[in-house]
*Asks:* 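Sharing a structure below in structure tokens format, with a few things to ask.
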Amino acid sequence: MSRLISQVIGCGSYLPEKVVTNDDLSKLVDTTDEWITARSGIKKRHIAADGELTSDLAYNASIKAMEHAGVTADEIDLIVMGTTTPDNTFPSTATGLQARLGMTHGFAFDIQAVCSGFVYALATADNFLKVGQAKTALVVGAETFSRLLDWEDRTTCVLFGDGAGAVVIRAEEVDDSEENPRGILSTHLYSDGRHKELLYVDGGPSSTKTVGHVRMEGKEVFRHAVTNLAAVVKTALDANGFESNDIDWVIPHQANKRILDSTARKLKIPSEKLVVTVDRHANTSAASIPLALDEAVKDGRVKRGDLILLEGMGGGFTWGGALIRW
Ligand code: UT7
């Protein structure tokens with residue numbers, strides 16, 4: 001017997017040109033480089049230029065991912081984009097990307113799971129591929145999160161940045177007897193809507209008819225993040241009969257270096273196996289995992305055959321993980 005498995009065949013990412021350092025922010029709000037570095041590990045972030053949209057970042061990342069995969073728009077029949085900062089309330093940013101790539105077939109849609117957006121998008125695309133409803137998918141995480149920030153609120157504005165990352169996945173037939181197939185081995189999604197007030201945006205089309213700003217109870221979010229992420233990693237490993245020392249690379253959502261370290265400690269995963277970009281990118285929400293993945297693939301850390309674990313958690317709460325044989 002054989003089955004379909006989604007293999008990652010290419011990745012790409014894009015960061016806006018403008019870099020804002022902690023020192024730059026200390027001129028805007030009552031903060032210091034020392035505080036931001038000590039509490040979050042963040043040193044700088046990229047911020048989209050005026051007029052530079054989420055779709056622009058997504059397009060640049062997608063082109064690179066498609067080049068890396070060696071596919072043209074004609075071969076892609078599905079786009080799933082994780083974003084909390086769409087160009088417009090509708091249509092979806094994914095359909096805009098579809099048009100810009102010159103793709104006139106297939107289907108495209110956005111997914112809203114905030115910082116878990118990429119894991120949700122990847123899991124969704126993977127399921128479409130596994131049932132044969134699409135063959136090749138472009139999965140994107142793209143954000144202009146800076147547009148949701150209250151630049152007078154020092155508890156949030158220092159933590160986020162803009163960027164985009166993308167992967168191309170393709171359904172391949174594998175024989176059930178194959179012991180170590182390459183591809184997405186499993187995905188695991190969770191949400192718990194009871195904690196909305198800990199992390200949310202205080203606006204929206206239906207409530208205030210405005211976009212709103214991010215509001216967060218950082219300490220509480222931190223606590224939930226470590227618990228939920230450790231649990232999802234354990235679930236992903238158990239589902240595949242692996243232990244934490246089988247993992248070659250953990251590519252986590254990059255919210256806070258202390259969350260990455262605490263989660264890894266809880267799971268007894270050495271910090272050398274963590275891919276960390278939060279120091280240079282800050283929290284780019286749905287873009288952070290594919291940005292980190294692309295960096296680790298392109299600099300040669302991630303090698304074919306490696307076991308990779310993606311995990312992320314965000315507003316909702318939403319959280320999830322994916323285990324991939326690269
Ligand atoms: O992507 C998923 C969503 N986000 C997250 O996962 C983020 C989770 N949370 C965190 O990363 C951390 O909780 C933060 C980095 C947000 C905050 O770190 P903390 O160690 O939990 O600090 P805190 O919120 O308890 O604040 C400590 C102090 C407070 O002052 P008092 O009340 O002790 O006098 C804050 O007012 O630091 C103050 N503070 C600041 N000081 C300088 C808060 N923001 C700043 C700032 N600069 N930017």
Side-chain angles (χ1 to χ4, degrees), residues 54 80-86 88-94 109-128 139-145 147-150 153 155-157 159-160 186-236 238-239 252-256 258-260 262-263 266-267 283-290 309-323:
T54 295
V80 187
M81 186 183 313
T83 188
T84 302
T85 45
N88 296 89
T89 304
F90 83 86
S92 71
T93 307
F109 58 94
D110 288 357
I111 281 193
Q112 160 59 294
V114 206
C115 298
S116 314
F118 184 76
V119 176
Y120 267 61
L122 188 71
T124 305
D126 175 45
N127 284 320
F128 274 106
V139 183
V140 189
E143 302 278 16
T144 45
F145 216 81
R147 309 267 152 81
L148 293 178
L149 298 176
D150 173 352
D153 176 8
T155 69
T156 52
C157 77
L159 300 172
F160 295 91
S186 67
T187 60
H188 307 269
L189 302 183
Y190 299 91
S191 67
D192 183 346
R194 289 173 301 169
H195 305 292
K196 178 191 161 192
E197 72 291 348
L198 298 180
L199 178 54
Y200 67 104
V201 160
D202 61 4
S206 177
S207 53
T208 57
K209 296 187 253 176
T210 61
V211 171
H213 291 127
V214 174
R215 305 294 173 205
M216 178 165 71
E217 296 290 334
K219 240 186 199 5
E220 279 301 300
V221 176
F222 191 113
R223 200 171 56 77
H224 283 277
V226 175
T227 308
N228 292 340
L229 291 173
V232 80
V233 172
K234 178 104 182 50
T235 303
D238 289 350
H253 166 53
Q254 313 277 324
N256 184 323
R258 286 161 51 221
I259 295 181
L260 308 193
S262 304
T263 311
K266 216 169 163 167
L267 293 160
N283 181 347
T284 58
S285 183
S288 88
I289 292 176
L309 188 104
L310 314 184
E311 42 96 331
M313 141 110 187
F317 290 139
T318 54
W319 66 101
L323 202 57

*Asks:* What is the distance from atom CZ of Phe317 to atom OG1 of Thr227, rounded to the nearest 0.5 Å?
*Replies:* 10.0 Å
*Asks:* Looking only at heavy atoms, which two atoms of Ala230 and Lys266 are closest? And how far apart?
*Replies:* CB-CD, 3.9 Å
*Asks:* Are any side-chain N or O atoms of Glu311 and backbone N or O atoms of Gly321, one a donor and one an acceptor, separated by less than 3.5 Å?
*Replies:* no
*Asks:* Look only at the side chain of Thr263 and the backbone of Leu229, and say whether a donor-acceptor pair between them is shorter than 3.5 Å.
*Replies:* no
*Asks:* Is the closest side-chain heavy-atom distance between Tyr190 and Asn228 below 4.5 Å?
*Replies:* no
*Asks:* Between His188 and Ala239, what is the shortest heavy-atom contact and its length?
*Replies:* CE1-CB, 3.7 Å
*Asks:* Could you report the tightest heavy-atom contact between His213 and Asp202, atom names first, then the distance?
*Replies:* N-OD1, 2.6 Å
*Asks:* Could you check whether any side-chain heavy atom of Arg147 comes within less than 4.5 Å of a side-chain heavy atom of Val211, counting everything from C-beta outward?
*Replies:* no
*Asks:* Under 3.5 Å, is there a donor-acceptor pair between the side chain of Asp126 and the main chain of Leu122?
*Replies:* no
*Asks:* Do Phe118 and Leu310 come close enough that some side-chain heavy atom pair is under 4.5 Å?
*Replies:* yes
*Asks:* Taking side-chain contact (heavy atoms from CB on, under 4.5 Å) as the criterion, tell me which of Met216, His224, Lys219 meets it with Leu198.
*Replies:* His224
*Asks:* Check whether any side-chain heavy atom of Cys115 sits under 4.5 Å from a side-chain heavy atom of Asn283, and report yes or no.
*Replies:* yes
*Asks:* Say you draw a straight line from OG1 of Thr54 to CZ of Phe145; how long is it, rounded to the nearest 0.5 Å?
*Replies:* 10.5 Å
*Asks:* Does Glu217 have more than 12 heavy atoms from other residues, nucleotides or ligands lying within 6.0 Å of its CD?
*Replies:* no
*Asks:* Check for a donor-acceptor pair, side chain of Ser116 on one end and backbone N or O of Gly314 on the other, with a separation under 3.5 Å.
*Replies:* yes
*Asks:* Hey, is the main chain of Pro252 close enough, under 3.5 Å, to the side chain of Gln254 for a donor-acceptor pair?
*Replies:* yes
*Asks:* Ignoring hydrogens and angles, tell me if any N or O in the side chain of Asp110 forms a donor-acceptor pair with the backbone of Ala94 under 3.5 Å.
*Replies:* yes
*Asks:* What pair of heavy atoms forms the shortest contact from Ala142 to Thr83, and how long is it?
*Replies:* O-OG1, 2.7 Å
*Asks:* Taking Thr93 for the side chain and Pro86 for the main chain, is one N or O donor matched with an acceptor at less than 3.5 Å?
*Replies:* no
*Asks:* With a 4.5 Å heavy-atom cut-off, do Trp319 and Val119 have their side chains touching?
*Replies:* no
*Asks:* Counting N and O atoms only, with roles assigned by atom type, does the side chain of Ser288 sit under 3.5 Å from a partner on the main chain of Thr284, one being a donor and the other an acceptor?
*Replies:* no
*Asks:* Looking at CZ of Arg215 and OG1 of Thr155, how far apart are the two atoms once the value is rounded to the nearest 0.5 Å?
*Replies:* 8.0 Å
*Asks:* Does a side-chain heavy-atom distance below 4.5 Å link Ile259 with Val226?
*Replies:* yes
*Asks:* Search all heavy atoms of Gly82 against all heavy atoms of Ala286 and return the closest pair with its distance.
*Replies:* O-CB, 3.4 Å
*Asks:* Closest approach of Ser285 and Glu143, non-hydrogen atoms and distance?
*Replies:* OG-OE2, 2.8 Å
*Asks:* By the definition side-chain contact (heavy atoms from CB on, under 4.5 Å), identify the one residue from Val114, Thr187, Ile111 that meets it with Tyr120.
*Replies:* Ile111
